[in-house]
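In what follows, a single structure is set out as structure tokens and then discussed.
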There are 2 protein chains.
Amino acid sequence: MGDSVKEKIVVSTLKLISEKGYRSTTTRNIAEEAGVNEVTIFRCFRSKKDIVLYALKELELLKPMDKKILEKCKWDLKEDLLMLAEEYHKNFTEDKAKIMIGLRSPEIFEEVKEYLMRIPKGFKDVLIEYFKIMYQKGMLNNDDFELLAFSFLSLNFGFILMKASYGRKLIGFSNDEFVRRSIEIFVKGIAKSS
Amino acid sequence: MGDSVKEKIVVSTLKLISEKGYRSTTTRNIAEEAGVNEVTIFRCFRSKKDIVLYALKELELLKPMDKKILEKCKWDLKEDLLMLAEEYHKNFTEDKAKIMIGLRSPEIFEEVKEYLMRIPKGFKDVLIEYFKIMYQKGMLNNDDFELLAFSFLSLNFGFILMKASYGRKLIGFSNDEFVRRSIEIFVKGIAKSS
DNA sequence: CATTTATGCAAGTAATTGCTTACAAAAATA
DNA sequence: TATTTTTGTAAGCAATTACTTGCATAAATG
């Protein structure tokens, strides 16, 4: 089984899961979507579950945000939070959010839960670190770093999940616009007034 | 079929869907959970799908927030937003969030989508109305009401969904604590400085 | 008490699903 | 060209699932 075949299967699987959920995505669906015979799937992977586990483990599909990102900071609240949020949205797209939702199936959820948590957890850790430093620099009016991180995370996570769930019917903003303007509010809320 | 039986079936169905999703919740599961024979289910409802539709339509499980809630406002930003958020969290619990996620199955999603959107949509509408009035009263530094509403909604929606998805492993706050303190930040961000 | 109604029980059906087997056709490799 | 590896095809199996049927029992209702 060539690597390109394996990849096609993985990509198709994730696509279908994001649309229909894990349980409703059948191996026949996957085969059709990948333009491959169903048997080929089981020659590449031991089971349907294995496709997902492979995607999460080997492909590092959901790798968390690295703290190295902090090196990019200019230590200006607005500028930095915008950069961090953009990085988050770049990584945690609407599609990935749908995959996360789609993997909420008992046959697989316990095994993938840890992976699914990585993105929000990684972002949260980076934010806590960032806010700690900013507080030491005297730029913040609040020293509950976990609260700050979590508020900012909820704001962004909530936005993506709502968009993934209800799409444009509920949301009149582009990602960029929402991020930029909600950050302005947030910054006003936490910046030390001089 | 007595009403109490019907109710037991509905409650069990929703509970199981919140845990395992629609597709993975079998009619046998439901029967067992409800302490009822599987056949009884099909005597009360025409199909599995009908149970959910009945729950959403007849039980008004997900009824949106009413604009009458605005009558409770004291027209103090912090106090009002706290009240509105509490009302939202009272209505849109972790369990309901799980049901929303669990209903993301192709056999049923299109038919329930509209209902699932009601809660966030209703909350958003109320918020827009509220912010409009507060702006007229000269209490806000921002007149993009949809942005304000949506930021606040994302914050609360994101929090509940994260809690529903990852539970306490990621989140160290109680609902009350998070709501209270995140609102303080938000209010600082949008209140007109006098 | 007589009759209707609601429920349980046992069995089963047709469709779907994850996965397997056996064999032939390509396609890559030597 | 000869051989090995990869893929397609066809068929099917065992388990599961939504839903049905027929009949017995109990409970409510007249």
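Throughout, a chain's letter reflects where its sequence line sits, starting with A, and its residues are numbered from 1. Model, not experiment: these values are computed from the prediction.
Atom NZ of K48(A) is separated from atom P of dT16(C) by 15 Å (rounded to the nearest Å). D50(A) places its CG atom 14 Å from the P atom of dG18(C), with the value rounded to the nearest Å. The distance from atom CG of L16(A) to atom P of dG18(C) is 12 Å, rounded to the nearest whole Å. As a whole-Å value, the separation of E32(A) CD from dT9(D) C1' is 16 Å. Nucleotide dA6(C) holds its P atom 19 Å from the CZ atom of F42(B), rounded to whole Å. In this structure, the CZ atom of R43(A) is 11 Å from the P atom of dT21(C), given to the nearest Å. dT9(D) atom C1' lies 15 Å from atom CD1 of I41(A), rounded to whole Å. Between the P atom of dA6(C) and the CD atom of E38(B) lies a distance of 20 Å, rounded to the nearest Å.
Comparing dG18(C), dT7(C), dC19(D) against the side chain of R28(A) picks out dG18(C) as the nearest.
The heavy-atom pair separating A55(A) from L14(A) by the smallest distance is CB-CD1, 4.0 Å.
Put simply, the side chain of K48(B) reaches to within 4.5 Å of the side chain of Y22(B), judged on heavy atoms.
In this structure, T40(B) reaches the dG8(C) phosphate: one of its side-chain N or O atoms is under 4.0 Å from OP1 or OP2. Phosphate proximity of dT17(C) to R23(B): present, with a side-chain N or O under 4.0 Å from OP1 or OP2. Close to dT9(D), at under 4.0 Å from its OP1 or OP2, lies a side-chain N or O of N37(A). Contact annotation: T27(B) side-chain N/O to dT17(D) OP1/OP2 distance is not under 4.0 Å.
Using cut-offs of 30° and 60° on the angle between ring planes, the pair F178(B) and F173(B) is tilted.
Residue-level contact check: T25(A) touches the backbone only, with heavy atoms under 4.0 Å from sugar-phosphate atoms and none from bases.
For a distance-only test at 3.5 Å, the side chain of R46(A) fails to qualify as a donor-acceptor partner of the base of dG18(C).
Remark on DNA chain C: of its neighbouring residues V39(A) and S24(A), the 5'-side contact belongs to S24(A), judged by nearest-heavy-atom nucleotide.
Look at K90(A) and E87(A) and you find a salt bridge, because one of the NZ, NE, NH1 or NH2 atoms lies within 4.0 Å of a carboxylate O, short of that distance.
Annotation: F157(A) is in aromatic contact with F92(A) [ring centroid separation under 6.0 Å].
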